[in-house]
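In what follows, chains are A, B, ... by sequence order, proteins preceding strands, each numbered from 1.
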Amino acid sequence: GENVEQHPSTLSVQEGDSAVIKCTYSDSASNYFPWYKQELGKGPQLIIDIRSNVGEKKDQRIAVTLNKTAKHFSLHITETQPEDSAVYFCAASMNSGNTPLVFGKGTRLSVIA
Amino acid sequence: EAGVTQSPTHLIKTRGQQATLRCSPISGHTSVYWYQQALGLGLQFLLWYDEGEERNRGNFPPRFSGRQFPNYSSELNVNALELEDSALYLCASSLEAAWTQYFGPGTRLLVL
């Protein structure tokens, strides 16, 4: 089955700097890659997702890149703000209709003001 | 539009008891997913229901079960509770055959 590795487990950046979180997946058939942000005491919130027919997607300060050949995808947050501090999870799925999302173990991002 | 709702927010049980957790999906969503998030760990897939049927199941023992009602709400039952069942249980919903899952706030279960 699918296995998703996420690095780093913790990340501290100065406010205004960029943050990058990387994930690798094992199943080459996976074709959907969402990223979730989980704040303390809340459920995960979808922040961006990418499908395997595109290599990059951007939404304001957040971008995700996908390298299908290397089987890895990354989350990029630019101009970080204190409210970006949270735990971020990547996930991969072959087809949500028949297989579940497989999540990485999360990255705790701290943005220092 | 209301998001995914879960009840109760917190639940305290003792070993051997049964726990029932409830989830209401976003209006129009027919698929409901359950995940377990133990402290310090990622999200582990438990169960997936769609149109009232169990479609997929994660690597959990049979004492974890559930069902989906005609209005697409769902409940998760955990029998014979063990200490290691203490975790945040998250419910997510999606449109049928859609890839995007939206999560509720979770139910925090504590087994003493």
Side-chain angles (χ1 to χ4, degrees), chain A residues 1-10 21 23-27 29-54 57 59 64 66 73 86-108, chain B residues 2-10 21 23-26 29-51 53-60 64 66 87-109:
Chain A
E2 177 64 276
N3 182 54
V4 176
E5 299 284 341
Q6 183 173 346
H7 299 281
S9 56
T10 60
I21 302 170
C23 289
T24 61
Y25 61 99
S26 60
D27 192 336
S30 288
N31 54 9
Y32 174 60
F33 308 93
W35 286 88
Y36 288 87
K37 173 184 180 183
Q38 187 174 26
E39 296 174 295
L40 194 63
K42 298 183 178 180
Q45 176 189 9
L46 179 73
I47 56 172
I48 196 168
D49 58 8
I50 191 168
R51 290 168 172 74
S52 60
N53 58 341
V54 298
K57 184 177 179 181
D59 182 5
V64 57
L66 172 64
F73 56 112
V87 179
Y88 292 81
F89 292 96
C90 63
S93 173
M94 183 168 62
N95 178 342
S96 76
N98 294 307
T99 60
L101 286 173
V102 177
F103 285 82
K105 292 195 183 309
T107 296
R108 182 173 299 279
Chain B
V4 177
T5 60
Q6 293 186 244
S7 63
T9 55
H10 294 80
L21 289 64
C23 171
S24 292
I26 292 171
H29 286 193
T30 61
S31 281
V32 171
Y33 309 81
W34 287 95
Y35 293 86
Q36 182 194 65
Q37 186 176 27
L39 191 64
L41 300 179
L43 285 77
Q44 303 294 316
F45 169 70
L46 266 166
L47 291 159
W48 168 40
Y49 293 96
D50 182 66
E51 296 287 357
E53 300 286 333
E54 181 180 303
R55 301 297 187 186
N56 206 334
R57 182 183 182 86
N59 188 25
F60 281 84
F64 286 85
L88 180 67
Y89 288 84
L90 292 159
C91 171
S93 73
S94 72
L95 289 170
E96 181 185 2
W99 290 348
T100 305
Q101 294 182 25
Y102 298 91
F103 282 84
T107 293
R108 188 163 296 281
L109 173 63

What part of B:Leu43 gets within 4.5 angstrom of chain A, counting heavy atoms only: side chain, backbone, both, or neither? both
Against chain A, label B:Gln6 side chain, backbone, both or neither, depending on which of its atoms sit under 4.5 Å from a heavy atom there.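 Neither part.
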With respect to chain B, which residue among A:Gln38, A:Gln6, A:Gln45 yields the maximal number of heavy-atom pairs within a distance under 4.5 Å?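 Highest number of pairs under 4.5 Å: A:Gln38.
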By ring pair (Phe, Tyr, Trp, His ring centres under 6.0 Å), which residues pair with B:Trp34, not counting sequence neighbours? none
Around B:Tyr102, counting heavy atoms of other residues, nucleotides and ligands shown, do more than 12 lie under 6.0 Å from its OH? no
Among residues at least two apart in sequence or on other chains, which ones pass salt bridge (Lys or Arg N to Asp or Glu O under 4.0 Å) with A:Lys57?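 Only A:Asp49 meet the salt bridge (Lys or Arg N to Asp or Glu O under 4.0 Å) criterion with A:Lys57.
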Side chain / backbone / both / neither for A:Pro44 at chain B, heavy atoms under 4.5 Å: both
Out of B:Tyr89, B:Trp48, B:Phe45, B:Phe103, which residue meets the ring pair (Phe, Tyr, Trp, His ring centres under 6.0 Å) rule with B:Tyr33? B:Trp48
